[in-house]
Structures are given as C-alpha cells and as structure tokens.
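Just below is one structure, and these are the notes that go with it.
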Amino acid sequence: MHTEIVLSPDELPTKWYNIVPDLPSPLPPPKNPEEGESRLDFLQKVLIGECLKQEMSQERWVDIPEGVLNLYEQAGRPRQLFRARRLEEYLKTPARMYYKAEFYSPTGSHKVNTALAQAYYAKKEGLERLATETGAGQWGTALAYASRLCGLECTIYWVRAVYNWKQERRSFMKMLGAKVHASPSDKTEVGKKLLKEDPEHVGSLGIAISEGLEDAASSDTVAYSLGSVLNHVLMHQTIIGLETQKQFEKVDDYPDVVISCLGGGSNFGGFAIPFYHDLLTKKKDIRFIAAQSQASPNLQGEYRYDFADHAEMTPMLKMYTLGHQVKMVPIKGDGLRYHGCSPILSLLRHEGLLDTIAYPPDEKMVFEKAQLFVQKEGFLPAPESAYSVCCAIDEALECKKKNEEKVIAFNISGHGLLDLVGYQEVLQF
Ligand SMILES: *Cc1c(COP(=O)(O)O)cnc(C)c1O
C-alpha cells in the first residue's frame with residue numbers, strides 16, 4: 001500500500017464542478033439592500049466579466065480553459081494525496097487518515113487555484129490591474145503571483161494587524177511586483193475616514209474589501225478579485241476535491257468523514273463540494289466537518305442576508321454571519337477570521353449537511369496538534385490548516401475510543417513556512 005498517491009499531468013481534471021444546480025434547494029441570490037444605490041450594478045462594474053458570468057451559472061460542469069490548465073500544471077498540479085501512516089501509528093487509531101497536499105503550492109496555499117483562473121480571464125478581457133484585500137496574506141501572495149504570470153499589475157490592501165507581523169510574506173508579495181498597503185490605508189476614502197478615527201486601526205477583512213472595491217471602481221482597466229466566499233471561487237477550487245476523488249479511486253478507498261478549516265469557505269468548499277456531489281446524487285453517506293476558531297465561528301451565527309464587507313459596498317448575501325461590522329479578536333490563524341460563510345456552504349449547513357467545531361482562540365490546543373503533525377508527517381501546516389489537522393486528529397482519536405475503522409480525509413490548505421512567528425508566540429519557544 002502506497003503512502004503517496006499521485007496523478008499524472010494527463011489525469012488533471014479538465015472541468016470544474018458547479019454544485020449550484022445540484023443543491024437540495026435553490027440558492028438564494030444576492031440582493032440589494034432596501035436603501036441606497038444598487039450594489040448589484042456596482043459589483044457588475046468591478047468584477048472580472050467571466051467570473052461574474054460563472055457566479056450566476058447553472059451549468060454543472062464548466063470547461064477549464066487550456067491556458068488555465070497549463071498554469072495549473074506550471075503550479076504543480078495535480079497535487080499529492082498522502083496516507084498519514086506515521087500519524088495513524090502514533091495515535092494507534094484504527095482509522096485510515098488521508099490528507100491533500102495544497103501546501104505544495106508555489107506561494108504556499110490553495111488560493112492559487114482561483115487566482116490563476118481569475119488573472120487569466122482578466123488578461124483576456126484586456127484589464128491591466130487587479131485590486132484585492134488580504135487577511136492572512138495568502139490570498140494577496142497568490143494573486144500577486146498569478147497577476148505577474150499573466151502580465152497584470154496587482155494592488156493589495158492588507159489588514160494592518162497581520163501586515164505588521166508577517167514581514168517575510170510582505171517581502172514575497174513585493175518580490176512578485178505587487179503594491180501592498182496596510183489597511184485601513186490613506187489610499188481610499190473608506191481608509192482615510194477610519195484612520196482619522198484611529199491612526200493605529202488594526203483593520204479587518206471587511207474593511208480591506210471595501211478599500212479594494214473603491215480602488216477597482218476608480219478605473220475601467222482595474223477589476224476587483226475575491227479570494228473566497230463567492231460561488232465562482234469555490235467552483236475554481238473544486239479542482240482540489242476532483243483530484244482527490246481520482247486519488248481515492250486509485251487506492252480503492254473512500255472517505256466517511258471529510259474535514260477542512262473554514263474561513264470564507266474556499267478551501268473547505270473546493271475539497272468537499274465534489275464529495276457533496278456524491279452525497280447528493282449518489283446517496284453516499286459522508287459526514288462533513290468544518291474546523292473554525294471561536295474567534296470567528298461564523299457557521300454558528302445567524303442564517304440571513306448580510307453585507308460581505310464593512311462599508312456595505314457589496315450586495316447582501318444569504319449566509320451564516322456574525323454581522324458585517326462585528327469586532328473579532330486577532331488570532332494567528334487569521335485566514336479563518338471572517339464574519340460570513342460562503343452562500344453555497346451556508347445553504348448546505350442550513351440543510352443539516354455540514355457540521356462544525358470551533359476551537360479556543362488561544363490556539364494552543366490546535367497548534368500543539370500541528371506540531372505533532374509536522375513531527376510525524378514532516379509537513380508544516382499553515383496556522384489555518386492546523387485547525388483541519390486538529391479536527392482530523394480528534395476524529396481519529398474518537399475512532400480509537402469506539403474502535404471504528406473510518407476513513408478520514410482532510411485538506412491541508414497551505415504551509416506555515418512564512419508564519420512561524422505565529423507558532424512561536426503561541427507555543428512559546
Ligand atoms: C485563506 C486561507 C484559509 C481560509 O480561507 P477559506 O476561504 O475558508 O479557505 C485557510 N487556509 C489557508 C492556507 C488560507 O490561505
């Protein structure tokens with residue numbers, strides 16, 4: 001039995017999966033608030049045309065353009081699926097544990113899967129620059145990388161609380177030729193107003209989105225790119241789960257439990273949605289668990305229409321939300337700190353098809369499990385991915401207690417090589 005399950009470049013999936021037509025109930029569309037200008041019109045102006053089309057698509061299987069397939073291959077796809085044999089042995093669990101290696105991405109996370117697609121379409125549509133927000137910094141790095149490969153400029157508004165401590169990642173973005181601003185910044189009206197109230201404002205993802213949107217609206221040759229939450233982003237990310245399904249076929253196994261960490265939902269969605277397809281259309285029995293932080297347990301919020309950003313520039317989305325202006329304590333797994341969850345995954349949760357667990361905000365328990373993981377398997381997970389690892393280990397220990405031989409599949413959304421300061425602070429070494 002193999003430990004590393006690989007696909008050849010010929011086996012790279014050539015279509016993304018759009019779950020929207022297969023959802024158990026119709027997906028509530030984005031809508032305008034009762035008052036003010038049309039946010040739907042505004043969004044149409046700032047998004048990449050093809051992404052907007054995909055956002056509303058009812059087509060089940062969408063061809064991945066040849067150019068994007070080439071970029072995926074350049075970025076190292078298909079990626080390995082590993083059987084966590086050493087970890088299983090150490091835990092003495094009867095469970096079989098498998099993890100997907102999104103940490104092998106050139107910039108460190110799964111985010112390149114949608115960044116490459118978006119930059120490719122933007123270039124084709126004659127755009128010159130992409131503007132965006134970033135929280136943990138992974139999305140900013142991924143878009144900087146994809147923009148450069150596709151010949152576009154890139155401007156990044158980065159939540160100040162994180163901008164300040166991730167200096168190496170900031171350098172990486174600059175190596176890739178991006179312009180990077182701490183958010184709130186003095187480059188936008190939204191930012192200036194918040195800085196006036198508090199010059200040391202730590203920022204939030206919601207605020208950074210507002211800044212990126214304002215920037216993108218300033219010119220016809222600039223578009224706004226989003227790294228999570230939206231339907232088209234989750235669809236691009238299904239490449240993860242589609243590969244994983246082929247890999248399970250190769251070893252004639254199949255997951256009983258599918259786990260990943262969840263901030264806005266893109267890595268969880270990308271990994272899990274192809275398996276939801278099996279659950280919804282082939283009656284497969286799978287349990288899905290999203291691992292979150294108690295600092296931002298958005299799946300335990302209310303299911304209602306809410307804005308996706310702080311300044312209420314976006315349309316309202318029907319989603320599980322903590323409120324678009326909620327204050328959240330900073331954590332090192334900052335990529336999980338967002339007030340709302342993707343509408344698609346929110347619907348699945350509302351239908352009772354998505355479980356969630358939220359770990360304490362001191363992150364000690366989570367990071368200790370990440371430390372165990374790197375010592376047994378050799379790969380250092382991103383602080384966000386550590387939540388996925390923690391949840392998978394908890395499930396494996398549960399299997400041991402009940403002597404159950406379950407198959408646990410979990411996604412490692414990124415590596416933590418540029419986030420070691422976070423581990424160092426929490427684990428105190
Ligand atoms: C952005 C990010 C996350 C969280 O965002 P999702 O959209 O929920 O996936 C998790 N892990 C890593 C490594 C990330 O970069």
Side-chain angles (χ1 to χ4, degrees), residues 79 99-115 132-146 156 158-159 162 166 169 172-173 205 208-209 225-241 259-273 288-293 295-299 308 319-320 328 331-346 349 354 356 358-359 363 366 370 379-391 410-419 422-423:
R79 299 204 194 293
Y99 56 94
K100 182 73 170 168
E102 289 302 309
F103 48 77
Y104 270 137
S105 136
T107 64
S109 83
H110 72 287
K111 296 235 167 57
V112 294
N113 300 330
T114 185
T132 197
E133 88 297 337
T134 195
Q138 291 270 23
W139 169 238
T141 325
L143 196 68
Y145 155 86
I156 298 158
W158 192 356
V159 178
V162 193
K166 293 201 181 177
R169 191 167 278 289
F172 193 3
M173 290 180 205
L205 209 50
I209 295 175
S225 241
L226 256 159
S228 189
V229 181
L230 298 184
N231 304 344
H232 68 273
V233 176
L234 269 67
M235 185 185 83
H236 298 156
Q237 292 292 358
T238 58
I239 190 80
I240 307 173
I259 293 169
S260 201
C261 62
L262 193 149
S266 73
N267 92 85
F268 181 92
F271 186 55
I273 281 173
F288 294 90
I289 315 173
Q292 300 206 288
S293 166
S296 179
N298 58 41
L299 284 171
M319 59 185 177
Y320 278 91
M328 293 175 273
I331 51 170
K332 299 303 174 192
D334 199 87
L336 303 183
R337 220 166 55 101
Y338 181 64
H339 67 272
C341 171
S342 119
I344 287 174
L345 297 175
S346 291
R349 170 142 176 90
L354 171 53
T356 179
Y359 294 106
E363 300 183 289
V366 174
F379 300 112
L380 178 71
E384 292 79 13
S385 317
Y387 286 74
S388 179
V389 169
C390 182
C391 181
F410 57 114
N411 187 38
I412 311 244
S413 48
H415 71 63
L417 294 172
L418 293 174
D419 309 307
Y423 280 118

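All of these numbers come straight from a predicted model, not from anything done at the bench. First listed ligand is number 1; within each ligand, the first listed atom is number 1. The chain is numbered in sequence order, starting from 1.
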Residues forming a salt bridge (charged side-chain N to carboxylate O under 4.0 Å, His left out) with E102, sequence neighbours excluded: R77, R79
S388 and N411: side chain donor to acceptor below 3.5 Å: no
Identify all pairs of nitrogen or oxygen atoms, one from ligand 1 and one from the protein, separated by less than 3.5 Å, and list them with distances.
residue: ligand 1; atom: 7 (O); partner: S228; partner atom: OG; Å: 2.5
residue: ligand 1; atom: 7 (O); partner: G265; partner atom: N; Å: 3.4
residue: ligand 1; atom: 7 (O); partner: S266; partner atom: N; Å: 2.9
residue: ligand 1; atom: 7 (O); partner: S266; partner atom: OG; Å: 2.8
residue: ligand 1; atom: 8 (O); partner: G263; partner atom: N; Å: 2.7
residue: ligand 1; atom: 8 (O); partner: G264; partner atom: N; Å: 3.0
residue: ligand 1; atom: 8 (O); partner: G265; partner atom: N; Å: 2.8
residue: ligand 1; atom: 9 (O); partner: H110; partner atom: NE2; Å: 3.4
residue: ligand 1; atom: 9 (O); partner: S266; partner atom: OG; Å: 3.2
residue: ligand 1; atom: 9 (O); partner: N267; partner atom: N; Å: 2.8
residue: ligand 1; atom: 9 (O); partner: N267; partner atom: ND2; Å: 2.8
residue: ligand 1; atom: 11 (N); partner: S413; partner atom: OG; Å: 2.7
residue: ligand 1; atom: 15 (O); partner: K111; partner atom: NZ; Å: 2.6

Side chain to side chain, [X] and [Y], heavy atoms closer than 4.5 Å:
| X | Y | value |
| --- | --- | --- |
| I344 | I273 | yes |
| L234 | L345 | yes |
| Y338 | M328 | no |

Exercise: identify the closest heavy-atom pair between G135 and D334: C-OD2, 3.7 Å
